[in-house]
There are 2 protein chains.
Amino acid sequence: MNHLDVFKALSNKARLQILQWLKDPEVHFPDQPGFESGVCVGQIQQKAGLTQSTVSEYLSILQRAGLIESTRVGQWTYYRRNEKAFLELTQIIQKDL
Amino acid sequence: MNHLDVFKALSNKARLQILQWLKDPEVHFPDQPGFESGVCVGQIQQKAGLTQSTVSEYLSILQRAGLIESTRVGQWTYYRRNEKAFLELTQIIQKDL
DNA sequence: AATATATATCGACTTTTTCCGATATACCAA
DNA sequence: TTGGTATATCGGAAAAAGTCGATATATATT
């Protein structure tokens with residue numbers, strides 16, 4: 001995990017918001033049935049009020065930082081939080097920062 | 001504490017480095033005697049290899065984010081870490097993020 | 001194969017950040 | 001009060017990030 005990339009990924013309002021939404025998918029994305037593998041891009045885009053390309057880009061920034069993971073199922077890509085990364089981040093802040 | 005400003009402040013290599021230096025001033029700034037109130041800008045600037053104006057600006061970004069504090073003594077401004085902010089940050093990541 | 005839908009990538013433009021040199025301000029010493 | 005040193009602020013050029021529309025790719029359906 002690269003500290004810098006993680007902090008950069010977190011330095012954006014929309015991306016922080018997305019992370020929070022993904023914490024409780026059933027609450028924030030009631031349209032979508034089943035959340036085992038995450039939430040699909042379209043749902044997130046709709047809620048974020050940004051274009052599809054922007055949201056797709058933001059999700060890949062979060063993923064490169066290790067904060068979320070994805071699974072492709074058919075034509076959908078489902079994104080979900082990687083809680084391990086958040087734990088690791090708090091440890092990094094306590095030790096390395 | 002504004003999450004976004006904190007993460008932005010942490011999204012820069014030099015600023016992260018400065019925070020780490022300030023963790024062990026006696027190790028990283030052996031020239032300066034006494035560290036109770038922190039390290040002065042000149043010492044940090046010299047070690048960072050950036051211009052005085054850049055370092056001064058970076059320190060004020062870190063300060064606005066709440067990550068460091070300063071005390072003016074004569075013509076020097078001494079900067080030191082605000083450890084409370086780092087603790088608070090780990091709690092924010094665990095709860096709000 | 002043709003069409004439709006979901007997502008990713010590309011190119012462009014705008015805004016923000018980085019980092020500098022120059023200048024201003026604050027304090028100290030003679 | 002004059003000059004010296006430390007820090008802060010200002011203005012700007014270059015690089016990076018934000019954001020879009022258009023296009024490409026992948027998958028599903030007919």
Side-chain angles (χ1 to χ4, degrees), chain A residues 2-19 21-22 25 29 31-35 37-65 67-80, chain B residues 2-19 21-22 25 29 31-35 37-65 67-80:
Chain A
N2 179 349
H3 311 192
L4 205 51
D5 285 345
V6 174
F7 291 130
K8 282 184 186 171
L10 295 174
S11 294
N12 178 281
K13 223 171 161 179
R15 288 194 296 263
L16 284 177
Q17 182 76 85
I18 290 170
L19 288 175
W21 288 337
L22 290 181
F29 304 95
D31 292 1
Q32 182 180 304
F35 297 102
S37 38
V39 181
C40 71
V41 181
Q43 294 279 317
I44 298 169
Q45 188 239 313
Q46 205 175 321
K47 207 169 164 68
L50 294 166
T51 61
Q52 187 272 320
S53 60
T54 298
V55 171
S56 178
E57 160 100 33
Y58 282 6
L59 289 170
S60 82
I61 289 172
L62 289 170
Q63 185 167 35
R64 272 198 302 278
L67 296 166
I68 61 177
E69 309 173 307
S70 69
T71 311
R72 180 107 197 194
V73 178
Q75 37 193 342
W76 294 275
T77 307
Y78 294 96
Y79 284 94
R80 60 192 173 282
Chain B
N2 178 349
H3 311 194
L4 204 51
D5 285 345
V6 174
F7 291 131
K8 280 185 186 173
L10 294 173
S11 294
N12 176 282
K13 223 170 160 179
R15 290 195 295 265
L16 284 177
Q17 182 75 83
I18 290 171
L19 287 174
W21 289 336
L22 290 181
F29 304 95
D31 292 1
Q32 181 179 307
F35 297 103
S37 37
V39 181
C40 72
V41 181
Q43 295 278 318
I44 298 169
Q45 187 239 316
Q46 206 175 321
K47 207 170 163 68
L50 294 165
T51 61
Q52 187 273 321
S53 60
T54 298
V55 171
S56 179
E57 161 102 34
Y58 282 7
L59 289 170
S60 83
I61 288 172
L62 289 170
Q63 185 167 35
R64 271 199 302 280
L67 296 167
I68 61 177
E69 310 172 306
S70 68
T71 311
R72 180 109 198 190
V73 178
Q75 36 194 341
W76 293 275
T77 307
Y78 294 96
Y79 283 95
R80 61 191 173 281

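Naming convention: chains lettered A, B, ... in sequence-line order (proteins, then strands); numbering from 1 in each chain.
Summarising the geometry, the separation between CD on B/Gln17 and P on C/dT18 is reported as 16 Å, rounded to the nearest angstrom. In this structure, A/Ile61 atom CD1 and C/dT7 atom P are separated by 18 Å, rounded to whole Å. Separating the CD atom of A/Gln75 from the P atom of C/dA4 is a distance of 13 Å, rounded to the nearest angstrom. Going from atom CG of B/Leu62 over to atom P of C/dT17 covers 14 Å, rounded to whole Å.
Remark: B/Asn12 is not in phosphate contact with C/dT17, judged by side-chain N or O atoms under 4.0 Å from OP1 or OP2.
The minimum heavy-atom distance linking A/Gly38 with A/Tyr78 is given by the pair O-CD2, 3.5 Å.
Take the nearest nucleotide of DNA chain D for A/Ser11 and for A/Val73: the residue whose nucleotide is more 5' is A/Ser11. When the nearest nucleotides of DNA chain D are assigned to A/Tyr58 and B/Val41 by heavy-atom distance, the more 5′-ward of the two goes with B/Val41.
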Using the rule given for side-chain contact (heavy atoms from CB on, under 4.5 Å), can you reason through A/Trp21 versus A/Val39, listing the C-alpha separation, both sets of side-chain angles and the distance that settles it, and then say yes or no? CA-CA 10 Å; A/Trp21 288 337; A/Val39 181; over 6 Å; no

Pair B/Arg80-B/Thr71, side-chain contact (heavy atoms from CB on, under 4.5 Å): steps then yes or no: CA-CA 9 Å; B/Arg80 61 191 173 281; B/Thr71 311; 2.7 Å; yes

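Side-chain contact check for A/Arg64 versus A/Ser60: some heavy-atom pair is nearer than 4.5 Å.
Reading DNA chain D from its 5' end, the first and the last nucleotide to sit under 4.0 Å from a heavy atom of chain A are D/dA17 to D/dA28.
Near-neighbour residues of DNA chain D inside residues 43-57 of chain B, defined by a heavy atom below 4.0 Å, number-ordered: B/Gln52, B/Ser53, B/Ser56.
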